Amino acid sequence: MMSTMHRVTFQQDGITYDAEEGQWLYDVCEAAGASVPFACKAGACGTCATRVVQGEESLGSQRAREIRTLESNGLDPTQYRLLCMADVHGTLTLGASAKPKHATASLGLCTVRVEAYRPLTLTVCEQRFAVESGEITFSPGQYMIFHVPGIDNVIRRSYSISSHPSDRTHFEICVRAVSGGFCSNFIHRLRPGDCIQVEGPYGDFRLADGSQRDILMIATGTGIAPIKSMLLSLLGQTGTRRIRLFFGLRNVSDLFYTSMLSDLRETHPWFEPTIILSQPDPAGWRGLRGRVTDLIHDQVSADEASNTDAYLCGGRPMIEEAKRLLIHKGMRVDHIRHENFF
């Protein structure tokens, strides 16, 4: 039985190609010889963003990740699609590829080697990788895409860089092993000497250039990873901008990076870390209890909010609640930057 074929037209190349029903558009572009550029092939970088001239309905519905990537690159999701996240389900005409502002990466697909493994809790570890060839140049807050070998194919997952950007031959990530999470458990089991392929860095979660406003960072769980990179970079600079960190975890057994944060506070008096636990054992914790967003209520005044840049990283519910509260306090929305962890 012959499969249904759909005509795909690439206007900027003057190419037409008959694609199979459900065929991945990346494979269509490769087979047709189209000039659409690709990088991460995982909907993270925006390199393959292309204008849809006709046949938007032939690509199926957009996922939230695709919409976020397009919007972060200044592209209208009603006009552009990420071809790496779409399959063909009808006749389609594609226009010119866009030039996303954050699509470049200092490393193409390359091999990195685990140099050090450090358990932080029973479920969270820090992995330090050595770049086998070339150098990595990244902005604090960006992430790498890991190519995790699966049973039938390669699975791509993004992990934020947690280390200082001055080291161009190494980088670190912070990973929590999730029950049933194939990729997170694979990364968690890597040990010194093991190798894996990565590419990047990517991402628009970066420090605001030239700002002299105070800084508030809010993180939950391993959302601390890009925040840590930002902190190390900021505290290594001259200046005395007030920098506050609100770090939320569940219970005492989830605590990590506490010694590092304490040391940074001792050496940088303008840095103020605050840790809060949402579900602590009453007998084992004398610190603050509650949700990390409770700290916005209690410790951020309207005057402070109006002169502060906020950087948020964690689960989407926390991000949305923190944004709402900060805006209510008087913080401008364009002074709030965030990265969603799921």
Side-chain angles (χ1 to χ4, degrees), residues 37-49 63-75 77 80 82 84-85 98-110 112 127 129 131 135-148 155-168 170-176 183-184 187 197-209 211 215 217-234 309-316 318-319 322-323 334-342:
F38 289 88
C40 73
K41 308 181 192 71
C45 67
T47 300
C48 64
R63 299 179 223 172
R65 180 174 194 173
E66 180 179 6
I67 294 172
R68 288 197 306 272
T69 298
L70 289 169
E71 289 180 341
S72 72
N73 282 284
L75 300 173
Y80 287 87
L82 299 181
C84 71
M85 298 196 74
K99 294 182 178 179
K101 58 185 178 180
H102 301 305
T104 57
S106 63
L107 291 176
L109 186 61
C110 72
V112 295
Q127 296 280 18
F129 296 93
V131 179
E135 293 186 341
I136 179 172
T137 303
F138 67 92
S139 297
Q142 291 190 299
Y143 58 85
M144 300 295 289
I145 294 176
F146 283 69
H147 289 232
V148 179
I155 305 171
R156 297 172 177 85
R157 287 293 183 272
S158 304
Y159 293 99
S160 293
I161 301 170
S162 61
S163 49
H164 195 290
S166 62
D167 188 345
R168 298 194 173 187
H170 300 83
F171 68 90
E172 296 172 1
I173 64 172
C174 176
V175 181
R176 180 170 69 92
C183 292
S184 65
I187 300 294
Q197 289 192 308
V198 302
E199 60 182 292
Y202 297 110
D204 191 33
F205 184 50
R206 311 179 188 206
L207 294 167
D209 294 332
S211 174
I215 291 175
M217 296 178 166
I218 304 177
T220 52
T222 52
I224 193 68
I227 298 297
K228 173 175 173 271
S229 180
M230 290 178 171
L231 277 174
L232 294 176
S233 177
L234 284 166
D309 292 328
Y311 298 88
L312 322 175
C313 192
R316 180 178 289 183
M318 183 280 283
I319 297 290
K323 286 173 61 179
D334 59 331
H335 291 172
I336 303 173
R337 301 189 177 197
H338 62 88
E339 184 77 285
N340 285 314
F341 273 26
F342 298 95

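Computed from a prediction, not measured in an experiment: that's the story for all the values here.
Without hydrogens or angle criteria, S162 side chain to K228 main chain gives no donor-acceptor distance under 3.5 Å. The backbone N or O of I145 sits nowhere less than 3.5 Å from a side-chain atom of E199 that would complete a donor-acceptor pair. Within the 3.5 Å criterion, the main-chain N or O of R206 finds a donor-acceptor partner in the side chain of R337.
Every residue two or more places apart in sequence or in another chain was checked for a side-chain hydrogen bond (donor to acceptor under 3.5 Å, both in side chains) with Y311, and none qualifies. For E66, the salt bridge (charged side-chain N to carboxylate O under 4.0 Å, His left out) partners are R81, not counting sequence neighbours. Remark: F146 pairs with F129, Y159 by the ring-ring contact (aromatic ring centres under 6.0 Å, His included) rule, at least two apart or across chains. Scored by the side chain to side chain contact (heavy atoms under 4.5 Å, CB included) test, A64 finds R68, R316 as partners (sequence neighbours excluded). In this structure D209 satisfies the salt bridge (charged side-chain N to carboxylate O under 4.0 Å, His left out) test with no other residue, sequence neighbours excluded. With sequence neighbours excluded, the residues satisfying side chain to side chain contact (heavy atoms under 4.5 Å, CB included) with S211 are A208, R213, R241, D309. With sequence neighbours left out, the side chain to side chain contact (heavy atoms under 4.5 Å, CB included) criterion links R63 to M85. Remark: S158 pairs with R65 by the side-chain hydrogen bond (donor to acceptor under 3.5 Å, both in side chains) rule, at least two apart or across chains. The side chain to side chain contact (heavy atoms under 4.5 Å, CB included) test applied to S163 returns F138, I161, F171, E172, not counting sequence neighbours.
Contact between G223 and C313 at its shortest, heavy atoms only, is O-CB, 3.3 Å. The two residues I218 and A322 make their nearest non-hydrogen contact at CD1-CB, 4.4 Å. Shortest non-hydrogen contact noted between G43 and C84 is N-SG, 3.2 Å. Of all heavy-atom pairs between S229 and G141, the closest is OG-N, 4.2 Å. Smallest separation of non-hydrogen atoms from G314 and T220: CA-OG1, 3.3 Å. Considering every non-hydrogen atom in both Y80 and A49, the closest pair reads CD2-C, 4.3 Å.
Put simply, the residue from I67, T47, T69 that forms a side chain to side chain contact (heavy atoms under 4.5 Å, CB included) with L82 is T69. Of the candidates I155, V198, L109, H147 forms a side chain to side chain contact (heavy atoms under 4.5 Å, CB included) with just one, namely L109.
Within the 4.5 Å cutoff, the side chain of L107 has heavy atoms near those of the M144 side chain. In this structure the side chain of P165 reaches within 4.5 angstrom of the side chain of S233, judged on heavy atoms. Residues Q127 and V112 form no side-chain contact, since every pair of their non-hydrogen atoms from C-beta on lies 4.5 Å or further apart.
Separation of atoms CG (N73) and CD (E71) is listed at 10.5 Å; rounding is to 0.5 Å. With rounding to the nearest 0.5 angstrom, the CD1 atom of I136 is 11.5 Å from the NE2 atom of H170. In this structure, the separation between CE on M318 and CG on L312 is 6.0 Å, given to the nearest 0.5 Å. Rounding to the nearest 0.5 angstrom, the gap separating the CD atom in Q142 from the CZ atom in F205 is 11.5 Å.
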* Go through the steps to decide whether L234 and M217 satisfy the test side-chain contact (heavy atoms from CB on, under 4.5 Å), and finish with yes or no. => CA-CA 12 Å; L234 284 166; M217 296 178 166; 3.5 Å; yes
